[in-house]
Number of protein chains: 2
Amino acid sequence: MHSTNQFCTVCGQSTSLFNYGAMCCSACSSFFRRSLSVKTPLRSCQNSELCFKQYNRAVYAECKFCRFHKCVQVGMLNTQKYSDLPKLMHELSHLDEERKKKTVNMTIPECFDLSSIFNYTSIKFAKKSPNLHLSSHDWGCMHQLTSMEFIKTFQFIKFLSMQDLKIFLKRTHFNHVLFSTAMASFSCKQDFMSFPDGTDVFPESIANVTCYNPHFLNRIRCKLMARMIELNITTSEYLLLSAIIFCNSVSTDLSENGRTLINSYQKVYGSLLFQYCEETNQKNGPLRFSELLSVCHAVAKTHEDIKKFFLLFQVYQPEAQPVQLHQDVIEYLSM
Amino acid sequence: MHSTNQFCTVCGQSTSLFNYGAMCCSACSSFFRRSLSVKTPLRSCQNSELCFKQYNRAVYAECKFCRFHKCVQVGMLNTQKYSDLPKLMHELSHLDEERKKKTVNMTIPECFDLSSIFNYTSIKFAKKSPNLHLSSHDWGCMHQLTSMEFIKTFQFIKFLSMQDLKIFLKRTHFNHVLFSTAMASFSCKQDFMSFPDGTDVFPESIANVTCYNPHFLNRIRCKLMARMIELNITTSEYLLLSAIIFCNSVSTDLSENGRTLINSYQKVYGSLLFQYCEETNQKNGPLRFSELLSVCHAVAKTHEDIKKFFLLFQVYQPEAQPVQLHQDVIEYLSM
DNA sequence: TAAAGAGGTCACGAGGTCAG
DNA sequence: CTGACCTCGTGACCTCTTTA
Ligand SMILES: [Zn+2]
Ligand SMILES: [Zn+2]
Ligand SMILES: [Zn+2]
Ligand SMILES: [Zn+2]
């Protein structure tokens, strides 16, 4: 018996095994494996997510939520899944295609369940009649919903608490809207952002007044695009960057467990992108990687600018606020 | 640390080892060894056989199919097996005896699983009643099946993808039928090809019409035979040539991996035959070797002629097409 | 007799199964 | 749902054979 004085980093049991990237006993390894494969979200903790803080190695079995997040905290990861880059790229690509299709072909149904937006469940859309013309507000609203739908298909979402999920989606989905809209425009060889049918990203009513600085508006339309054109970003890079971008908002509003979880996935997608850059660009891989990461900042900058614009829009044109079909959705999103 | 700046030609790991004919690390060497000994075919690639093309050094969980074919590509080979000529000749001889026995004593069973023909599994035959007389079509059909069965017993078959296996068998089996039929006739001291019981290789019905050029028919029956008689080919030479002949069809329909694999085995059997010729004929070895290789062309030429004959047969005698017991097999083979 | 290389051995980690 | 137990592919390490 050469019990190597090693202990499970999750429950403290004596063990010598290394599973899923951390020292852990076979029980915790099995638990982690099961948690990954289960489809339903984790039942939330009844003890303020403190089970492993208060009673470190004792009553772990009682709360799955805390046990799982302890696993994440000590570095456990679905190592197999995230080491098969080609398969992962294929999956990401499929998910993004679905998102694009929904954005273009679907619309918000008459009876829309607002609660499904920030819930674990998927958002139910309705088929759009092909001759329906969407306003800038309509497009924006659909983009927000399909981006959230996209984000919610990621595996780690089911491990966030209900509250964290809502905070996370609200904080991060608009960055994804911006980046995916920019990528769609980039694919159409445009040098300015627009919605898929060419509709401007700003409401038409801004033409009625002259108080917006045209440079400011064009900066929003073009700055992020210019960076993407400069880098000539590829679809694979875009897909991995998407994940990095929406995992980027480590808001302090999130619980510690939520932050740790999202951070760990940001790291995963970061190293996948790094790996991809190295394989694709050899020597110049690291340079390419850091250039691509700068796109995150460009996205964030444009997001700031858009926030400023909507502030001005409310001040200059309070009468032009969206009064159309889905005002309620917009209000719900800004709650 | 005398890390010799050398890298595994398969995975890129630093190594100084030379195994199975290539610079490769102990891991890849173990992998190759295991792959050779495993009985089941390789599970096919899920990434269009590009795992080692796109991401050369494969730091992620790579697929076994691509890893094995990368091994083949860099020149890895079961060197021990293919350096023991006497043992190899014994095995080849045994396999060919089995094939001959099946051709003479077996027949196609009532319930025949057509899908087994182009599959990795062996073809199930039924015992033939000794007084059953076979037509030329029946004999041809059995020869085709037993030749494919023979080809499928070779070790490298299990490394072909399902698709490549089918293409390979269809492209190459008829050359083996011709060569083995000719060899059987040669062993009976005939100077013309016939089936084992003396049945002519052409359907009896050709006697009903006079439109075939008798020189053309006799060229098919005798030309290849004449070359074999001239060279007085031995059984050992025949066995090695068989393998060279059926590895000779590097069809462009095959995947790159399939072509590389078959090419490498053709080279192996080629150098084995060369070695055999040198051992048996001393100084005249190289001459004998090139003479034997010319038989490949004679086989190919006769194959061309037979194709022409079947074209004529369909035109001249459409009513005499094989309507016997195993029409379905013939149709399946020509699909 | 020493180095190279073929092939055997085995602990490890991933993942599946099943009684409790 | 849990965790003990099982199977299987992996690769480090070892032993045996060959050869210069
Ligand atoms: Zn544990
Ligand atoms: Zn808890
Ligand atoms: Zn290697
Ligand atoms: Zn592959």
Without decimals, in angstroms, what is the distance between [X] [atom1] and [N] [atom2]?
X       : N      : atom1 : atom2 : answer
B:Gln80 : D:dT19 : CD    : C1'   : 13 Å
B:Asn78 : C:dA6  : CG    : P     : 9 Å
B:Asp84 : D:dT18 : CG    : C1'   : 14 Å
A:Met76 : C:dG15 : CE    : P     : 11 Å

Taking 4.0 angstrom as the limit, do [X] and [Y] come out as a salt bridge?
X        : Y        : result
B:Glu256 : B:Arg259 : no
A:Glu237 : A:Arg288 : yes
A:Arg99  : A:Glu149 : no
A:Asp253 : A:Arg171 : yes

Please say whether the positively charged group of B:Arg67, taken as NZ for Lys or CZ for Arg, lies over the ring of B:Phe31, i.e. under 6.0 angstrom from the six-membered ring centre and within 45 degrees of the axis. yes

5' to 3', nucleotides 7-15 of chain D under a 4.0 Å protein heavy-atom cut-off (B base, S sugar-phosphate only, - none) gives --SBBB---

Within 6.0 angstrom of A:Lys87 NZ, more than 12 heavy atoms from elsewhere: no

Please produce a list of atom pairs where a protein N or O lies less than 3.5 Å from an N or O of nucleotides 1-5 of chain C.
unit_1: C:dG5; atom_1: O5'; unit_2: B:Phe18; atom_2: O; d: 3.0

With a 6.0 Å cut-off on the ring centroids, do A:His173 and A:Phe246 count as close? no

Is there a side-chain contact between A:Tyr20 and A:Ser29 (heavy atoms, below 4.5 Å)? yes

